[in-house]
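Quick notes on the structure that follows.
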Amino acid sequence: MNPETSTNHGDQPAQTYRFGHARFGSKRHSALTFAALPGIAVAVLAGVLVALTGSFEMASVWVFAIFTVCLAPGCVALVWIVVVDRNSIPGAIRTPEDSVETTWLEKASQTTCLITFPAVGIGAALTSNVPEVSLTLIAVCGLMVLTFVAAYLWEKRHS
């Protein structure tokens, strides 16, 4: 459906938005409009939780304010990802999983895994005389193995 020619109330053409429109509702508002309030609410909730449960040297009000301001853009972006209709974003690729950037991302992920896993293993061996560091690196290796096995089984099942 072309958002420039689609209609939302009979005779009125739908407006296009830089950030697309929501998957639900009247298409008369940007998806960013729908994402702003819930995203800020999540940031406020996180700020309250951190301020109440953390032990900081500054006043809880400042902790709340700083965490809320820092988390708000990311929270709004995450809510926007959930509510946006990808087909309504001008210039968006129809199949992003087939783009050259996706190929670069897959190759970079493989290279990162192939470099990081041995580096962490060597680091664990070199720090064997410092048990806290060595055990932490061994735990990281174990997590990497579990993540790899889970990802492999997921791909095997869904491919």
Scanning both residues in full, the closest heavy-atom pair of Val84 with Ile81 reads CG1-O, 4.0 Å
Taking every heavy atom of Ser134 against every heavy atom of Ala124, the minimum-distance pair comes out as OG-O, 3.1 Å
Between Val63 and Ala51, the two heavy atoms sitting closest are CG1-CA, 3.9 Å
Apart from Ile122 itself, members of its ILVMFWY cluster (side-chain separation under 4.5 Å) are Leu126
Side chain to side chain donor-acceptor pair (under 3.5 Å) filter on Thr102, not counting sequence neighbours, yields Ser99
Taken in chain and number order and not counting sequence neighbours, the residues that satisfy side chain to side chain contact (heavy atoms under 4.5 Å, CB included) with Val149 are Val145, Leu153
Closest non-hydrogen contact found for Val120 with Cys141 is CG1-SG, 3.3 Å
On a heavy-atom basis, the closest approach of Ala35 and Val79 is CA-CG1, 3.7 Å
What one should report as the nearest heavy-atom pair of Ala43 and Leu71 is CB-C, 4.0 Å
query = Would you call Val76 and Val42 a side-chain contact if the rule is heavy atoms closer than 4.5 Å?
reply = no
Residue pairs meeting ring-ring contact (aromatic ring centres under 6.0 Å, His included), one or both in residues 135-159, sequence neighbours left out, come to Trp154-His158
Besides Leu45, the hydrophobic cluster formed by Ile, Leu, Val, Met, Phe, Trp and Tyr side chains linked at under 4.5 Å, directly or via other members, contains Leu49
Check: residues 108-118 side-chain donor-acceptor pairs under 3.5 Å, at least two apart:
unit_1: Ser109; atom_1: OG; unit_2: Leu105; atom_2: O; d: 2.8
unit_1: Thr111; atom_1: OG1; unit_2: Lys107; atom_2: O; d: 3.0
unit_1: Thr112; atom_1: OG1; unit_2: Ala108; atom_2: O; d: 2.7
unit_1: Thr116; atom_1: OG1; unit_2: Thr112; atom_2: O; d: 2.6

Separation between CD1 (Ile40) and SG (Cys75), nearest 0.5 Å, reads 9.5 Å
Here the ring-ring contact (aromatic ring centres under 6.0 Å, His included) pairs for residues 59-94, sequence neighbours left out, are none
Sorted by chain and number, sequence neighbours left out, side chain to side chain contact (heavy atoms under 4.5 Å, CB included) with Val133 holds for Thr127, Val130, Leu137
